[in-house]
Participant: 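Mind looking over this structure? Questions follow.
Atoms within each ligand, like the ligands themselves, are counted from 1 in listed order.
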Amino acid sequence: MSEQNPFAIAQHQLDEAAEIMGLDRATHELLRWPRRELHVSLPVRMDDGGVEVFKGYRVQYNNALGPTKGGIRFHPEETINTVRALAAWMTWKTAVVGLPLGGGKGGVVCNPTELSETELERLSRAYMREIAGFIGEDVDVPAPDVATSPRVMSWMLDEYETMVGRHAPGVITGKPLPLGGSAGRGTATGLGVVVTIREALKRLEVDSEGTTASIQGFGNVAQSAADNYIDMLGGTVLCVSCWDSNDRKAYTYEKDDGIDPGFLASVTDAYGTIDKDAAMEAGYKVLDGDAWLAMDVDVLIPAAIENVITRETAPRISPQVKILAEGANGPTTPEADDLLHENGVYVIPDFVCNAGGVTVSYFEQAQNAYNYYWELDEVHRRMDTKMTAAFDAVHETTQRHGVKNRMGAYIVAVARVAEACKLRGWV
Ligand code: NAD
């Protein structure tokens with residue numbers, strides 16, 4: 001298995017869980033592969049009059065529990081295997097939170113930082129035109145992910161509604177509020193990450209006040225995780241790291257008495273790149289991109305990309321670290337996962353830790369269906385209840401089977417999906 005192929009990693013994780021659970025051969029085989037996938041080529045007129053052709057994908061991994069659900073990524077290194085892995089993890093994510101949804105994912109191979117606003121709009125609309133016949137409110141519902149914002153969701157929604165000739169807000173989530181978005185969707189993933197950290201600290205009998213955290217990333221998930229780590233837990237965030245698209249490398253921004261997420265957000269662009277000069281002027285130390293990983297903190301929160309905690313990097317993690325909260329999808333390779341388990345680090349697996357976003361996306365679908373919208377505190381209360389229940393189920397299963405947390409999470413999720421497959425008579 002390649003450490004770099006996220007889908008091989010996702011299949012390996014499932015294989016491990018299938019063995020522990022004694023999953024039958026047919027169900028195991030069915031759950032190892034996407035049920036449907038669409039590959040598209042998108043000709044887009046650029047501002048200079050020329051045409052660029054972009055590749056895109058939409059993967060519907062498993063829909064036994066309900067319509068598939070999952071974000072769309074715009075990324076220069078997007079591959080079909082990344083999208084398949086993310087679609088598999090979405091399947092386990094919706095199942096572990098107990099949502100009546102399956103798992104899917106989409107992606108376009110592009111570098112959005114090099115596109116003008118009008119090129120980005122044409123690309124977003126072109127992608128929606130190609131996938132429109134493959135998705136739908138009760139078929140497959142996309143949402144934002146890396147480098148796709150509520151703005152991108154608005155263009156895609158408008159393109160879809162123009163094609164079908166009616167309003168269909170439930171076809172895509174993560175929309176701005178005036179177009180049928182849910183209160184709290186933008187910050188939901190980061191808030192959910194902190195809810196799971198709160199529960200893990202309780203299990204470890206550690207008072208959250210006075211704890212420290214280090215975060216990789218400073219985009220949608222990381223900014224909200226930083227805010228909530230400070231506001232909800234009373235902890236300190238010592239540093240964040242992010243990619244610098246000008247220098248084409250990552251940096252870590254550190255302050256000994258803790259970062260101010262509000263200030264850093266005010267000097268960060270739409271793609272999560274912090275203005276280095278503005279941060280230095282405000283007294284931040286600018287360190288290597290991977291310095292965040294080696295900080296003496298209680299909690300590490302990778303909230304950027306896949307494959308960052310590997311056999312090579314895991315030994316650099318400080319012995320002080322008690323919790324690894326996977327805000328990102330797939331940040332830890334299986335070898336590193338074993339190492340962390342042996343070292344007694346409490347790993348909150350990605351598809352539990354970052355499930356707050358899809359949970360509020362599901363609430364958004366429910367509100368769209370009723371055309372009636374909830375207040376922010378109701379969204380937060382319901383999300384907290386679902387995330388805490390998911391955390392409890394995983395913790396209890398992990399203890400009962402004496403396995404790694406990730407396997408506990410897989411056992412809960414796979415059992416729910418497998419039961420739905422059986423009830424449908426598929427296996
Ligand atoms: P984003 O595009 O808003 O932010 C990504 C951040 O990662 C940026 O700050 C970028 O500079 C940083 N980054 C990229 N490469 C880096 C590197 N090599 N080193 C350090 N930083 C780097 O994306 P996001 O929506 O915050 O998503 C982050 C992760 O969380 C992804 O794995 C995504 O799949 C996952 N996730 C997102 C959501 C959501 O609701 N947005 C939900 C669940 C999971």
Participant: Against R125, only a single residue in E161, E119, E159 fulfils salt bridge (Lys or Arg N to Asp or Glu O under 4.0 Å); can you say which?
Facilitator: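 Only match with R125 under salt bridge (Lys or Arg N to Asp or Glu O under 4.0 Å): E159.
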Participant: Is R73 in contact with ligand 1, taking contact as a heavy-atom separation below 4.0 Å?
Facilitator: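 It does, in that a heavy atom of R73 comes within the 4.0 Å cut-off of ligand 1.
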Participant: Salt-bridged, D158 to K175, with N to O below 4.0 Å?
Facilitator: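 No, D158 and K175 are not salt-bridged.
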Participant: Considering only heavy atoms of K93, which atoms of ligand 1 have at least one such atom less than 4.0 Å away?
Facilitator: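 Counting from 1, the qualifying ligand atoms are 43 (C).
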Participant: Sort out for me which residue in Y410, F391, W89 forms a ring pair (Phe, Tyr, Trp, His ring centres under 6.0 Å) with F351.
Facilitator: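 It is Y410, the one option of Y410, F391, W89 that forms the ring pair (Phe, Tyr, Trp, His ring centres under 6.0 Å) with F351.
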Participant: Which protein heavy atom lies closest to atom 16 (C) of ligand 1, and at what distance to 0.1 Å?
Facilitator: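 Here the closest protein heavy atom is W243 CB, 3.8 Å.
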Participant: Do side-chain atoms of N62 reach the backbone of G102 as a donor and acceptor pair under 3.5 angstrom?
Facilitator: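 Side chain of N62 to backbone of G102: no pair is present.
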Participant: Strictly under 4.0 Å, does any heavy atom of A303 approach an atom of ligand 1?
Facilitator: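 A303: in contact with ligand 1 (<4.0 Å).
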Participant: Looking only at atom types and distance, does a side-chain atom of S214 sit under 3.5 Å from a main-chain N or O of W292, one as donor and one as acceptor?
Facilitator: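 Yes: the side chain of S214 pairs with the backbone of W292.
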Participant: Could you check whether any heavy atom of G327 sits closer than 4.0 Å to an atom of ligand 1, since that is the contact criterion I want to use?
Facilitator: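 Yes, G327 has heavy atoms under 4.0 Å from ligand 1.
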Participant: So between I215, I305, N329, whose heavy atom ends up nearest atom 36 (N) of ligand 1?
Facilitator: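 Answer by nearest heavy atom: N329.
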Participant: Just by distance, no angles: are the side chains of T189 and N220 close enough, under 3.5 Å, to form a donor-acceptor pair?
Facilitator: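 No, because no side-chain N or O of T189 sits under 3.5 Å from a partner of the opposite role on N220.
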Participant: Check each atom of ligand 1 against the heavy atoms of A147 and keep those under 4.0 Å away; list them by number with element.
Facilitator: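 Going through ligand 1 atom by atom, the ones under 4.0 Å from A147 are 2 (O).
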Participant: Which atoms of ligand 1 sit under 4.0 Å from any heavy atom of N354?
Facilitator: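 Answer, ordered by atom number: 43 (C), 44 (C).
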Participant: So, is A222 polar-close to ligand 1, with some N/O to N/O distance under 3.5 Å?
Facilitator: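 Between A222 and ligand 1 (N or O atoms, distance only) the closest approach is not under 3.5 Å.
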